[in-house]
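Have a look at this one.
Computed from a predicted structure; not experimentally measured. Per chain, numbering begins at 1; letters A, B, ... match sequence-line order.
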Amino acid sequence: MKLSNLIGQRIKEVPREAQTASHVFLVRGGYVRPVAAGIYSLLPLARRVTAKIEAIIRREMDSVGGQEVLLPVVLPEELWQESGRADAVGPELLRFRDRNDKPMVLGMTHEEAVCHLARTEIVSYRQLPCMLYQIQTKYRDEARPRAGLIRVREFTMKDAYSFHGSQDDLDDYYQRLHDAYARIFRQLGLRDVISIQSDTGMMGGAVSHEFMALADCGEDTLFISPDGEYKANREIAVSGLQFEREAPQPLRKVATPGRKTIEEVAAFLGVGPEHTGKAVFYLDHEDNLVFAMIRGDFEVNETKLRNYLGTPALRLADDAAIRACGAEPGYASPMALEPDKLRIVIDHSVAGSGNLVVGANEPDQHYCNFNFGRDFEDGEVADIATARAGDPCPVSGRPLQEKRGIEVGNIFQLGDKYTRPMGCTYLDRNGREQYLIMGCYGIGVGRSMAAVIEQCHDRNGPIWPAAIAPFQVHLCALNNRRPEVAAAADKLYDELLAAGLEVVYDDRNEKAGFMFNDADLIGAPWRLIVSPRTLAEGQVEFKTRDGSEQTMLPLAAVVNTLISRRD
RNA sequence: CGGGGCGUAGCGCAGUCUGGUCAGCGCGACUGCUUUGGGAGCAGUAGGUCGCGAGUUCGAAUCUCGCCGCCCCGACCA
């Protein structure tokens, strides 16, 4: 490719909307262009990178027996009615009607579509296990796209679906996919990709892992034990903190005028927040009131609470809803609630601690020395606390470290969540009809590309790992108006191409600095520079993008040197 | 969905408060000449319904109202 022909202008100035490294360089380097919020066109450079990522993924999926398919982007909503997700998912599922007024959706994931296929094509245990995968466009109408390709509405995803005759078989296959994922991300050049326990969310199922590329701009917060014994998303991470109950003191009401927040109350009474209890009220998807109580130094983990309650949605209750159950906002207490009007969930931190300051359920009053079990015993005790950095690991007891990560892939054990409602059955060896056991496995292609940039860049642009670089070699002809430079560079370009190397050739009549900055933005691993200066010695300058090497090569030896380094 | 910010040429911005030579600057693009090792110089050219729509006014990029879009934080997120 001659740079004079490449579509995708490099731009010097940082677009105002770009904040993260990958976003900045993808736009500045001419890889992507925004079309609408969270919707991007991929230009040739980006497409070359994603094609390589896809090839790596494809090879690994094939190696574990995957069969590639291509399912539709546009699906009849009735398929989603069958699975029950038409009602379960919110506005992120884009719905519309076709010309015959038939309800349709844009696929945001393809469990329904693959089940539609599987229920007619997989009929016998002899066909199992079976894994189908595709690399295809997804659409999710995200409320807030952000950070370039990190979080988008339209994106390319590899999604795979496996079918099994038993949970044991799924367990085995799940581990094989877990290993395949580790190989894929290693080949992409991502460092620090770790698999962590995660919430299964709307996908359902019992077991899931997320593959996180560690990066400061990542959207997810992870807790990791320093010994690697425990790795979990904050959404589900468990704190190993042990609670101690001191001897209960008599319950005592104290005036706390105007003090509503934990900070205000704790400061007013001269105690630490760990000696207080926090009351949080939620409404679930059916507007049922939920009272969650947690120690003041913790935060309620809404994912945990949602999972515990089995509700798909929670939102904070307004004051009117709180008063409706007899509680006083800001001074709410578990005592004197009306248990038949709401569900009460007590965190272990409250159940395990004694002598807490809690609301007295009337304005400007709190109780000291609240003890769960003595002063109040209704409600369900559960883990609804958000783990904190420094809390002990629940496995090893070492202090948990907090990291940020980009979720580049995930794997789920779905069981029969989809196969049962959608009637995906097969005949087992006894001729009995059984529901297929299912797993699903996703990798975000564009997000992976962005994650690589987040991890591999300098101030001038991406430093692509060779495996996914848009080009292997960036050839610059400095001062190419001189016939000998142009001739030598043209010849070298042809020879490199003939040798099977991927070359971008800067054949423009530009200043050196201009060319070098473009080369940095394109980020090819190797740079070759032909100039009057090098040609005077019969040489070409060779330089690696990461700056680790810079040397002169005899003109005649360039091609063979690069070939031997590539292989 | 809540909070904040922003929409003026492909990109980055000034101009808006205080209505009237304010349709401007830099980069980029195009032509020519010079230059050639980290985003060169000179000369010239093209490019904008000032997000959209109403309204106020003799006059609106500028004031008012409504709408749309985009970005950031939060909520949400298989």
Atom pairs, protein N/O to nucleotides 4-8 of chain B N/O, distance under 3.5 Å:
| residue | atom | partner | partner atom | Å |
| --- | --- | --- | --- | --- |
| B:rC6 | O2' | A:R16 | NH1 | 3.3 |
| B:rC6 | O2' | A:R16 | NH2 | 2.6 |

For this session: Name all residues meeting the side-chain contact (heavy atoms from CB on, under 4.5 Å) criterion together with A:Q550; count only those two or more places apart in sequence or in a different chain, and write none if there are none.
Result: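 Applying side-chain contact (heavy atoms from CB on, under 4.5 Å) to A:Q550 gives A:E541, A:K543.
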Which one, B:rA75, B:rC73, B:rG38, comes nearest to the side chain of A:N460?
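Nearest nucleotide to the side chain: B:rG38.
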- Check ion pair A:D220-A:R234 (N to O, under 4.0 angstrom):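 Between A:R234 and A:D220 there is no salt bridge, as every charged N stays at least 4.0 Å from the carboxylate O atoms.
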Considering only nitrogen or oxygen atoms on both sides, find all protein atoms under 3.5 Å from nucleotides 42-50 of chain B and state each distance.
none

Check your understanding: With a 3.5 Å cut-off and just heavy-atom distances, do the side chain of A:N479 and the base of B:rG37 make a donor-acceptor pair?
Key ->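 Result: no qualifying N/O pair found.
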Query raised in the report: Does a distance-only test, which skips hydrogens and angles, find a donor-acceptor pair under 3.5 Å between the side chain of A:R144 and the base of B:rG2?
Result: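 Looking at the base of B:rG2, it does not pair with any donor or acceptor on the side chain of A:R144 (distance under 3.5 Å).
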| request: For A:H457, enumerate each residue passing the ring pair (Phe, Tyr, Trp, His ring centres under 6.0 Å) test, keeping only those at least two apart in sequence or located in another chain. | output: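 A:H457 satisfies ring pair (Phe, Tyr, Trp, His ring centres under 6.0 Å) with A:F25 once adjacent residues are dropped.
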- Message: Tell me which nucleotide, if any, is Watson-Crick or G-U wobble paired with B:rG7 when both distances must be under 3.5 Å.
- Response: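 Here B:rG7 is engaged in a pair, and the nucleotide opposite it is B:rC68.
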Discussion item. For A:E68, is there an ion pair with A:K158 - N to carboxylate O distance below 4.0 angstrom?
Written reply: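 Salt bridge between A:K158 and A:E68, a charged N being under 4.0 Å from a carboxylate O: no.
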| field | Mate of B:rG39 where both pairing distances stay under 3.5 Å, Watson-Crick or G-U | value |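 None - no nucleotide pairs with B:rG39, as no candidate has both distances under 3.5 Å.
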- Message: Please determine whether a side-chain nitrogen or oxygen atom of A:R33 lies at a distance below 4.0 Å from atom OP1 or OP2 of B:rC11.
- Response: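 The answer is no; no side-chain N or O of A:R33 sits under 4.0 Å from OP1 or OP2.
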Q) Between residues 530-552 of chain A and RNA chain B, which residues have a heavy-atom gap below 4.0 Å? A)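 The stretch gives A:S531, A:R533, A:T534, A:E541, A:K543 as the residues lying under 4.0 Å from the strand, ordered by number.
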Side chains of A:H209 and A:Y174: does their closest heavy-atom pair fall under 4.5 Å?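 When only atoms from C-beta onward are counted, A:Y174 and A:H209 do touch, with a gap below 4.5 Å.
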Residue A:R527, side-chain heavy atoms: nucleotide from B:rC71, B:rG38, B:rC73 that is nearest |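 Among B:rC71, B:rG38, B:rC73, the one nearest the side chain of A:R527 is B:rG38.
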Practice task
Name the residue closer to the 5' end of RNA chain B, choosing between A:T303 and A:R482 according to the nucleotide with the nearest heavy atom.
Solution key: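 With A:T303 and A:R482 compared, the 5'-side residue is A:R482.
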Looking only at non-hydrogen atoms, find the nearest pair between A:F298 and A:A385 and report the distance.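 Closest pair (atom of A:F298, atom of A:A385, distance): CD2-CB, 3.8 Å.
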- Across all strands, who's sitting opposite B:rG74 as a Watson-Crick or G-U wobble pair, both distances under 3.5 Å?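 Paired with B:rG74, as far as the under-3.5 Å criterion goes, is B:rC1.
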Sidechain N-carboxylate O distance under 4.0 Å for A:K417, A:E111:
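A:E111 and A:K417: not salt-bridged.
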Would you tabulate the nitrogen or oxygen pairs shorter than 3.5 Å linking the protein to nucleotides 24-35 of chain B?
| residue | atom | partner | partner atom | Å |
| --- | --- | --- | --- | --- |
| B:rG26 | N2 | A:E13 | OE1 | 2.6 |
| B:rU35 | O4 | A:N509 | ND2 | 3.3 |

Worksheet entry | Paired nucleotide for B:rC17 [Watson-Crick or G-U wobble; both distances under 3.5 Å] |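 Pairing partner: none.
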State whether A:E82 and A:R119 are salt-bridged, where the test is any N-O pair (Lys NZ or Arg NE/NH1/NH2 against Asp/Glu carboxylate O) under 4.0 Å.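 Here A:E82 pairs with A:R119 in a salt bridge, since their nearest N and O are under 4.0 Å apart.
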| field | Salt bridge A:R527-A:D520, side-chain N to carboxylate O under 4.0 Å | value |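 Result for this pair is yes, salt bridge flagged.
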